[in-house]
Amino acid sequence: KNLRAVLYILGLAWCFLGVAVISDTFMAGIETITESTRQVKRTRTLPDGTEVLDDAGLPIIDTVDEKIWNAAVANLSLMALASSTPEI
């Protein structure tokens, strides 16, 4: 009877370890997806909304990195996906 209890506990620990590894891999994937960015060109503006011009009178264009996903929407969407994974 003690052997069955030990084997049961070892099997249960093995299953929890498997779930931990899969969850860690899944969360790393989510992190990669939600942290992706794209480069966007924008004209430089002052706080009052007027464009900043260079010496030639042309607007100064800056390239900035912009996140593709809104963090709140990404977290909610991926949480919903993760919670329904067993059914999918």
Side-chain angles (χ1 to χ4, degrees):
K1 209 167 196 182
N2 288 337
L3 178 62
R4 282 195 331 190
V6 170
L7 289 176
Y8 181 78
I9 291 172
L10 287 175
L12 196 60
W14 182 259
C15 289
F16 278 117
L17 181 65
V19 169
V21 169
I22 291 170
S23 297
D24 190 39
T25 304
F26 182 72
M27 290 307 293
I30 288 175
E31 203 172 297
T32 302
I33 291 169
T34 56
E35 289 186 2
S36 57
T37 59
R38 64 178 172 207
Q39 290 189 339
V40 179
K41 292 184 179 181
R42 294 196 176 141
T43 57
R44 191 181 301 177
T45 57
L46 296 174
D48 63 356
T50 58
E51 291 183 341
V52 178
L53 304 176
D54 62 4
D55 295 335
L58 298 172
I60 297 175
I61 297 176
D62 295 324
T63 303
V64 295
D65 286 335
E66 181 180 83
K67 286 195 171 212
I68 295 173
W69 286 68
N70 178 333
V73 173
N75 287 336
L76 291 174
S77 300
L78 294 170
M79 184 174 60
L81 175 67
S83 65
S84 64
T85 301
E87 288 85 15
I88 294 175

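Rounded to the nearest 0.5 angstrom, E51 CD and R44 CZ are separated by 12.0 Å. Atom CD1 of residue I61 and atom CG of residue D54 lie 9.5 Å apart, to the nearest 0.5 angstrom. Atom CG of residue L10 and atom CG of residue L17 lie 12.0 Å apart, to the nearest 0.5 angstrom.
Criterion: ILVMFWY side-chain heavy atoms under 4.5 Å apart, direct or through other members. Under it, I68 and V64 are not part of a common hydrophobic cluster. At a threshold of 4.5 Å between side-chain heavy atoms, the hydrophobic network of Ile, Leu, Val, Met, Phe, Trp and Tyr places L46 and I60 in one connected group.
Around atom CZ of R38, more than 12 heavy atoms belonging to other residues, nucleotides or ligands sit under 6.0 Å away. Atom CG of D55 has 12 or fewer heavy atoms from other residues, nucleotides or ligands within 6.0 Å.
One finds no salt bridge joining D62 and R42 here, because no Lys/Arg side-chain nitrogen approaches an Asp/Glu carboxylate oxygen to under 4.0 Å.
The heavy-atom pair separating T43 from P59 by the smallest distance is CG2-CB, 4.3 Å. In terms of heavy atoms, T63 sits closest to K41 at OG1-CG, 3.8 Å.
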